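Here the structure is a predicted model, which means the values were calculated and not measured. Whatever order the structure lists ligands and atoms in, that order sets their numbers, starting from 1.
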Amino acid sequence: MSTELSFPPFDNVRLATLSDLPRIAMVAAAGFYHSPTFQFQRPYYADFPDDTLSSYWTEYQSAIRNPADVVLVAEDVWDPDEGLGVYGALRGSSMYKFGSSPTADKVIVGVCSINLKPGSWRIGRFQTGNHVDSPTPATPFSTQNRDQCAMSLELYGAATAPAKAKYLAGRMRLSTLAVHPAYWRRGHATRLVSWCIRLADKDDVPVGISAAPMGAAVAAKAGFEEQETVRIKRSTAQESVSQFGVPNVGDVELWVAIRQPSRSPSDTSTTCSDSPTGESL
Ligand SMILES: CC(C)(COP(=O)(O)OP(=O)(O)OC[C@H]1O[C@@H](n2cnc3c(N)ncnc32)[C@H](O)[C@@H]1OP(=O)(O)O)[C@@H](O)C(=O)NCCC(=O)NCCS
């Protein structure tokens, strides 16, 4: 069986390349803005939208280049009014335009990243677009992360680390998922998640996720089962960080879940185990 055949079919989704980064950064910022985690970790987003875009750009650049990660994008026909669904500070950012003007009829509207299982035979098999140069940002990168609050990040990391270590360590993980708000409820997230779980099913491995509530709704539909929900209460967050001048934030919930592999009879012909030789790694 060739490696190509061992990929699930790409149903309106494709592997990302470095040239997609301007659009991916924009879609990630526009989508994640609606997650309480974004509001919690990036309370100064309204003042520093370029920092937000730059951080997503570098995050996905690393993931595209990382042989142990897979970055997948969903495409749709460009909606000329999509800017109406984007928060004002982002629309006003100098970097925004770079990712918002389409170069084709179809544009990237959703993105997800996957961490392959440590030791997976698939590591290094997804670097398809890396011959393409990464575009130069329209304006110099702002790598200062001024939109973020270091204390919030620390608090979030400390609160979520035990559950992540307990349930997700050593597993394949669906690590990020965002769709541009102008393209919600069209099944884009479902298709991205579906590709990920079909990949896991082919290798007969479980997939883990730590999801914000909106992502949890999609993941639960795809068969992920809750292991634990970590809650960072608004009051706790404010008590812990208020002295540092952090604006009000709502409760933050992280749904830690796992989906066990399932095999349909039609998968059997192309199914391979976790390693090409069928050995446990
Ligand atoms: C969560 C998100 C990725 C869903 O993207 P999407 O492309 O709209 O999702 P789909 O169209 O595939 O929706 C699949 C199902 O999820 C549920 N769902 C999706 N968005 C929902 C919403 N806003 N409210 C309630 N249920 C929702 C529905 O059950 C939906 O099925 P239906 O439309 O048949 O009822 C998108 O809303 C998003 O980017 N949110 C902000 C970022 C975020 O929270 N990401 C998750 C981090 S883990």
(request) Please step through side chain to side chain contact (heavy atoms under 4.5 Å, CB included) for the pair V70 and W195, ending with a clear verdict. (result) CA-CA 11 Å; V70 183; W195 191 89; 4.1 Å; yes
Give the table of side-chain donor-acceptor pairs shorter than 3.5 Å for residues 74-83, with sequence neighbours excluded, one pair per line with atom names and distance.
unit_1 : atom_1 : unit_2 : atom_2 : d
E75    : OE2    : R14    : NE     : 3.2
E75    : OE2    : R14    : NH2    : 3.3
D76    : OD2    : R186   : NH1    : 2.8
D76    : OD2    : H188   : NE2    : 2.8
D79    : OD1    : D81    : N      : 2.7
E82    : OE1    : R23    : NH2    : 2.8
E82    : OE1    : Y183   : OH     : 2.6
E82    : OE2    : R23    : NH1    : 2.9

(message) Distance under 4.0 Å, heavy atoms only, partner ligand 1: which residues pass?
(response) G31, F32, S35, L177, A178, V179, W184, R185, R186, G187, H188, A189, T190, A211, A212, M214, G215, V218, K221
(message) Quick one: does any side-chain atom of R173 pair with a main-chain N or O of I209 as donor and acceptor, under 3.5 Å?
(response) no
(request) Evaluate salt bridge (charged side-chain N to carboxylate O under 4.0 Å, His left out) for R259 paired with D201, printing each intermediate quantity in order. (result) CA-CA 10 Å; R259 181 188 179 277; D201 282 353; 2.8 Å; yes
(message) Please give me the minimum heavy-atom distance between Y167 and E228, naming the atom from each residue.
(response)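 Nearest heavy atoms, Y167 then E228: CE1-OE1, 3.2 Å.
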(request) Determine the sole option in V71, T176, I24 for which the side-chain contact (heavy atoms from CB on, under 4.5 Å) test with E59 is passed. (result) T176
